[in-house]
Amino acid sequence: MISALASTVVQHDLRWLLLLICAWGGIGLAGMLRQRSLLVVRVLFPLGSLTCLLVAILAGVFLASGQASQAMVLPLGLPDLPFHLRLDALSAFFLLILGVAGAGISIFSAGYFRVGEGTSPGLMGLQYHLFLASMAVVLLADDAYLFMVAWETMALSSYFLVTSQHRIPEIRRAGFLYLLIAHVGAICILLCFGVLQGGSWLFIFDAMRSATLTPLLASTAFLLALLGFGAKAGLVPMHVWLPEAHPAAPSPVSAMMSGLMLKTAVYGMLRVSFDLLHVRFWQWGVLLLALGLFSALYGAIFAAVQTDMKRLLAYSSIENVGIIFAGIGLSILFETCNLHLFAALALCAALVHSLNHALFKSLLFLTTGSVLHATKQRNLGKLGGLIRRMPWVASMALVGTLAIAGLPPLNGFVSEWLLLQSFLFTPEIPHEFVNMFVPLGAAVLALTAALAAYVMVKFYGVVFLGQPREASLADAHDANLLERLGLVWLALGCILIGVMPQLALRPASAVTRKLLGQSILPTGSIWWIAPIAPKQASYSGLIMLLGIVGVVGITFLLVRLLAHGRTRRVATWDCGYPYQNARMQDTAEGFGQPIRHMFGTFFRMERDLPAPEESSPHYRIRIEDRLWHAIYQPIARAVQWLADVVGVLQGGSLSIYLLYSFLTLIVLLVFVL
Amino acid sequence: MHLLHPFTVPVINVLNLLAACLLLLSFAMLSRRRTQRLITLFAWQGGILCLSTSLVAYSSGLHELYYSAALTLLLKVITLPLILRRLIYRLGAEWDSETMVNIPVTMLAGLMLVIFAFGLAQPISMMATTITRNMLGIALAVILLSFLMMITRRKAVTQVIGFLAMENGLFFAATSATYGMPMVIELGIALDVLVGVFILGLFFFQIREQFESLDLRNMENLKEE
């Protein structure tokens, strides 16, 4: 009975998914009925969360069933150009990410959004569920039209979500920057599809798959895709919107954007380069690898010197996206050199890291939301000691920080370990210099991972440990029940994938089988992973966990029983001084100072050092992105200049305007002649 | 080859004469200063249009064209001039005159436009299969001249008259190139023109309220600095 039901569900997976996407739309519209009621948030968001969960289950079932693909033609769309949908392993994997992380974020949102904070909850619900639905459609689209429609819906709905507190000028500015870069990216993607159709003028993905492109056209399409999807993903130098938009957006929205939306860009890149262009040149891989590693390092370094907790996480997203793109680049490099198994390994690492990042970054953004609600502070310099006031949030944040720092036995370690493993095989690449230089990438990756750990020590230590830096922090309250539920869901995901990596590796292998016809070697046990061969390297999260728990437990017991036998509670980092206050602790700036020194060339710093005789000395530092001054400001100036030149045309006189159209008419007629 | 009705020479001569009158009227409009005179000329233009359309209808045997001729008579000879006259009477702009660009220069520019229009129409009229195809050049010239008139005028009412005269030229072009547009479209355009004049009439009052004059030069300070 159940198996029969399951098999019918599997056969009509795509239809069910479509129904769920419509359900999101319905939930969103239902919110508009009673816009200002809190009931909307408390009832509709859990429903949305349930829908997310169902999407994840359907995607998981599809991946487990091993089907090739399911296609559908919708009776909607432009005249004579119906919308096409297709569910294959790649889209199913990203739907899985969307569903799993989305379920946690939605249930958290149910407890988070309030009346009177920017956009009304009902409208927020509409935008939020539209955002979810458009991301799902992006993943399912099988023609360029539907893809672009969904892509733009995604950009617009997220723009309105980011600017929900639109009465604050900085937030409007951040929203504009985001919208601008999103649109420039969208134009690149549109042009990319224009090149991909290869003269057939058919914009169905099937036609693009079979189109034969010259090397020049194929590379053009690849570069356009890199620009377009890179802008959405936040690759350096198109990353500038991320650190602006994330602090501006409400925390669940940041979580959605960082955890899920950036992944749609990863999906797009994979779809275009692997599925539509059938990876052709090793140079693509090198480019992607270099850009990815640079972004990763850049993001990690900038994250280390931030003092706003959400900006810090935004830079950390840049770092993680860089790692994912580096994995994709490495995979392309291996694939073009006919090293299929290693290509599968690198791609697998990138995919698993996408899933992991969706889990832990959403988790961390949500915890910053709880902290923000409890303390009204984003500035790290005014937080501290929250572990006593907010034990739930603090413990969940601890799981997230350990995971993102890449420590075993959590999920971040699995993907970074897999990626480092795949770097070990670069000597087999049959290109001179490439096989010598790429191993340096492994060093950069290791440096990035270390820096990421440093960043997370800073984040956790300054926010949750030590003493409260402000008196008002004493009133901080812990997250409410629904918020806790969301946090626990995401934290459980981090732990489960860390302990049982096969949970993520098996779906990812289905994707590599689809894209590369190869998957990393399966092992019989769900507890072990051995990417290439058990004798080379293998890892078991469970043994790691048991080992850590064992060592910590025994040490704790030994210390408690043998050494002291009694415990005493004193202020943190007291160190035996007779007098100590909160201002004597290490600050966020102080913690980042060594990084600021070592990587000084990356920043543009302005420092205000107090004179020795000042009675109330203040130390100020402003750190800016060099790329902002090097790339974006010249472009802005050029556009301004051009606009001024064109503005001369606007003389104001009606006769002149009429003359313009008259002359245009005459010129056009002359052409006809 | 599409065979035509036997077409007697006098009828086509009369049609050519009417077309020439139309062109002449356009030049007259270009040089008139007073708004009232312009409205009279506009009514005359409509009258000639009506006459030529019915002649074409008679000679080609297309009954639909009679309707469009009747429509022209009703709208462009009677209704629109009536509305415009009432409008300028109520605006107190009956005896407004305006300073224009040097009239001889405008006339010369108009001449150039006519030559250009004829040059343009030649290859197009080769393709047309109608008996009136030679008049396409005149129709284009009327359109361009009306446009020129809009450019040289500064008053709001005269701009609208120029716009309506341009529509006349388009109508004439349609009649001479393809024996008129389908009835549905023609009715639609007629309605648009009527509604357009009503709306523009409302604008006139608004403009006068704002600037206490109908001179469009006042609108120059509306542009963004």
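Below, read A as the first sequence line, B as the second, and so on, with proteins coming before strands; counting in each chain starts at 1.
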| query | Where is the tightest heavy-atom contact between A/Phe662 and B/Leu148, given as atom of each residue plus distance? | reply | CE1-N, 4.4 Å
| request: Please report the shortest heavy-atom distance between B/Ile151 and A/Leu658, naming the atom on each side. | output: CG1-CB, 3.7 Å
| About how many Å separate CD1 of A/Ile666 and CG of B/Leu144, when rounded to the nearest 0.5 Å? | 5.0 Å
Would you say [atom1] of [X] has more than 12 non-hydrogen atoms from neighbouring residues, nucleotides or ligands within 6.0 angstrom?
{"X": "B/Met107", "atom1": "CE", "value": "yes"}
{"X": "B/Tyr89", "atom1": "OH", "value": "no"}
{"X": "A/Phe160", "atom1": "CZ", "value": "no"}

| Residues two or more places apart in sequence or in another chain: which of them pass salt bridge (Lys or Arg N to Asp or Glu O under 4.0 Å) with A/Asp644? | none
| message | Need one label for B/Gln122: side chain, backbone, both or neither, based on atoms under 4.5 Å from any heavy atom in chain A. | response | neither
